[in-house]
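Contents: one structure, followed by commentary.
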Amino acid sequence: MLNAVLAFFYRNLIGAPSYHLYLEAFLALWLFWLIRQRKKAEKKKLLTAEEEETIINAWQPRPLVDEKELDKMEGYDNGDVWGPISGRPGKYVEIDGEKYLNVATHNYLGLMDSTELDDAAEQCIRRYGVGSCGPRGFYGTVDVHIKLEEKIADFLGLEETALYSYGFAAVSSAIPSYAKAGDIIFSDELVSFPIQRGLAASRSTIIYFNHNSWEDLQEKLEEQRKTDKKNAKKAKTIRRFCVVEGIYSKSGTLCPLKEVADLCKQYKVRLFVDETISFGILGKTGRGLTEHLGVDIKDIDFISGSLEHGFASFGGFIVGPSYVVDHQRISGLGYCFSASLPPLLAGAGIKALEIIEQNPDIIEDVQDKCKYMHKSLDNILTFFKITSEELSPLKFLYLVGCKVLPWEVTRELIEQVIIYVKDNYKIALIQPSYLDSEHKLPLPCIRISVNRLLTYKEIDSIGNAIEDACNALNIFDSIIANISDEDAELRNEMVSEYEAYLKAKEDKQSRKAVLEEEF
């Protein structure tokens, strides 16, 4: 047998072409070299414990983003006003060792200070550990994820929920999972940045309508209907969507959802509503804008929301009919390819929902504080105008005359006010920042976030602090000095109104002094 095998190899070797012999010789030498290298590696001396410690101590980690590159990033805020936060940003926040009344961060229901959420998170850590270490579709699903999804769906009266690990990822993944290239999306011009990212990722044709104008939306829908009639065959292949927010995060205004929903029915357009801000705030029980306006929630094709603003947790969600949510689980990129929400945050979300279900007066309380904040700011402030709605937990304050002032001047004046209030009243205010690439950039302003735990006295102190800052810094004189001659008529009108206001204020103080003397 052996002789036969050797004879076979000999005949093939003699009859083989020369290049074949060279190739086989090269491969044999390469294989021999690999074996030798492996043996050398095995013989390599192992490091001692002292050598390992020396190498570890000498290692200097590089920052994820170079500081020089950060300065070049568009819209980057270098934090000249505020430093790093220590501890949790609840009703009060500690920044650079100083304690401030916090109306800068989102904590509408005041649950950031809840020990019940702390206990729920701790129990989850003890049972599940810190992270889930995997996407939902693989090995990242834990029973608390499913429980939270069921709880959100039951709370809103819908069939199913898809839970995301990040609020930004929820709506920005949901939109492109349904809308594709060739489709048409009608969107409010002031939608949030996550929605804008979702619109861009969809590669659909985006048609923006004027902010909160259902009349302009109707015009755009009618124009599209006329275009579709010219090419009926192509129109049959186009899907149409409309995207709005319950409370707009850039303006604090409420969407006219009844009118928008009626138009979507009439023109056969699927409606997406982002309730990130309004979830837990609007409605008798906190179920959002649909409950507040009496719109049938089943008329909305899907609702997105977040646990990051009112519920002191983290993560976002998509809720709707089963066939909509099931599609998310296989098409939502942020769901399929991102690690799932840490169980401790899911546990905190469950507890937050239980708290507002068992204590519905919390919703009434936060709505009352929103109304009082609105009224207080409107009555006290002279140099800022509030544009948000009464029930919105976000109050946007714009300088008078800001529409004709240079953008940088407005931003600088507002920053001076924020710093003055910070230094003299220990109140944390914020000027929202936006990327230059965002659609329809709002003007510079102060944003105030309502917290249910604020007292009425503290709410009044915020308006008084801002008013005092404006007087101390002579903000009105700075505004007038920076209005160009092209807007001289407006400038003169503002001066006249301000003089009339000062006279009325002086008369009021005189009458008050007389009454005090009499009594």
Side-chain angles (χ1 to χ4, degrees), residues 84-95 99 102 104-156 161-170 275-277 279-281 285-287 304-319 334-335 338-363 365-366 393 428 449-454:
I85 292 175
S86 303
R88 71 179 70 198
K91 178 181 176 180
Y92 295 95
V93 60
E94 186 176 319
I95 304 173
K99 187 178 179 181
N102 179 21
T105 62
H106 305 280
N107 182 26
Y108 315 140
L109 299 176
L111 296 177
M112 188 67 74
D113 299 284
S114 170
T115 56
E116 291 182 72
L117 265 65
D118 293 346
D119 294 340
E122 183 180 341
Q123 289 174 15
C124 287
I125 291 174
R126 293 184 182 282
R127 183 173 181 180
Y128 306 105
V130 176
S132 55
C133 303
R136 289 293 305 277
F138 295 89
Y139 44 85
T141 295
V142 182
D143 56 0
V144 286
H145 293 138
I146 297 170
K147 185 178 179 181
L148 178 55
E149 288 176 337
E150 291 173 349
K151 198 158 191 65
I152 292 171
D154 291 342
F155 181 72
L156 293 174
T161 304
L163 183 66
Y164 283 74
S165 57
Y166 185 28
F168 188 107
E275 297 248 35
T276 291
I277 307 297
F279 180 60
I281 304 298
T285 59
R287 284 167 170 80
S304 60
S306 171
L307 302 171
E308 299 165 10
H309 293 74
F311 289 80
S313 185
F314 220 76
F317 59 85
I318 303 298
V319 60
Y335 184 92
S338 295
S340 62
L341 186 69
L344 69 102
L345 294 172
I350 292 169
K351 177 53 70 174
L353 277 169
E354 289 176 353
I355 288 173
I356 67 168
E357 284 182 313
Q358 295 165 7
N359 305 278
D361 56 307
I362 288 177
I363 306 301
D365 192 17
V366 72
S449 296
V450 177
N451 185 328
R452 180 183 64 87
L453 301 180
L454 291 170

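What you see is a predicted model; the values in this text were computed from it and never measured. Basis for what follows: all heavy atoms, side chains included, without hydrogens, waters or symmetry-related copies.
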So, for [X] and [Y], which heavy atoms are closest and what is the spacing to 0.1 Å?
{"X": "Leu111", "Y": "Phe311", "value": "CD1-CA, 4.2 Å"}
{"X": "Gly349", "Y": "Ser313", "value": "N-OG, 3.9 Å"}
{"X": "Ser340", "Y": "Gly140", "value": "OG-O, 2.6 Å"}

Whether over 12 other heavy atoms sit under 6.0 Å from Tyr128 OH: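 Buried by this count: over 12 neighbours within 6.0 Å.
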
Which value, rounded to the nearest 0.5 Å, describes the distance between [X] atom [atom1] and [Y] atom [atom2]?
{"X": "Ile355", "Y": "Glu116", "atom1": "CD1", "atom2": "CD", "result": "4.0 Å"}
{"X": "Glu308", "Y": "Ile277", "atom1": "CD", "atom2": "CD1", "result": "10.0 Å"}
{"X": "Met112", "Y": "Thr105", "atom1": "CE", "atom2": "OG1", "result": "6.5 Å"}
{"X": "His145", "Y": "Asp143", "atom1": "NE2", "atom2": "CG", "result": "9.0 Å"}
{"X": "Leu344", "Y": "Phe314", "atom1": "CG", "atom2": "CZ", "result": "11.5 Å"}
{"X": "Leu341", "Y": "Thr141", "atom1": "CG", "atom2": "OG1", "result": "11.0 Å"}

Do the non-hydrogen side-chain atoms of [X] and [Y] ever get within less than 4.5 Å of each other?
{"X": "Asn107", "Y": "Ser449", "result": "no"}
{"X": "Phe155", "Y": "Ile356", "result": "yes"}
{"X": "Thr161", "Y": "Leu148", "result": "no"}
{"X": "Ile363", "Y": "Thr285", "result": "no"}
{"X": "Phe317", "Y": "Glu149", "result": "no"}

Sole candidate of Asp113, Asn102, Asp118 that passes side chain to side chain donor-acceptor pair (under 3.5 Å) when paired with Arg88: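 Result for side chain to side chain donor-acceptor pair (under 3.5 Å) with Arg88: Asp118.
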
Salt-bridge contact Asp365-Arg452 (side-chain N to carboxylate O under 4.0 Å):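 A salt bridge is present here (some side-chain N lies under 4.0 Å from a carboxylate O).
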
salt_bridge(Glu354, Lys351) N-O dist < 4.0 Å: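 Looking at Glu354 and Lys351, the cut-off is met.
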
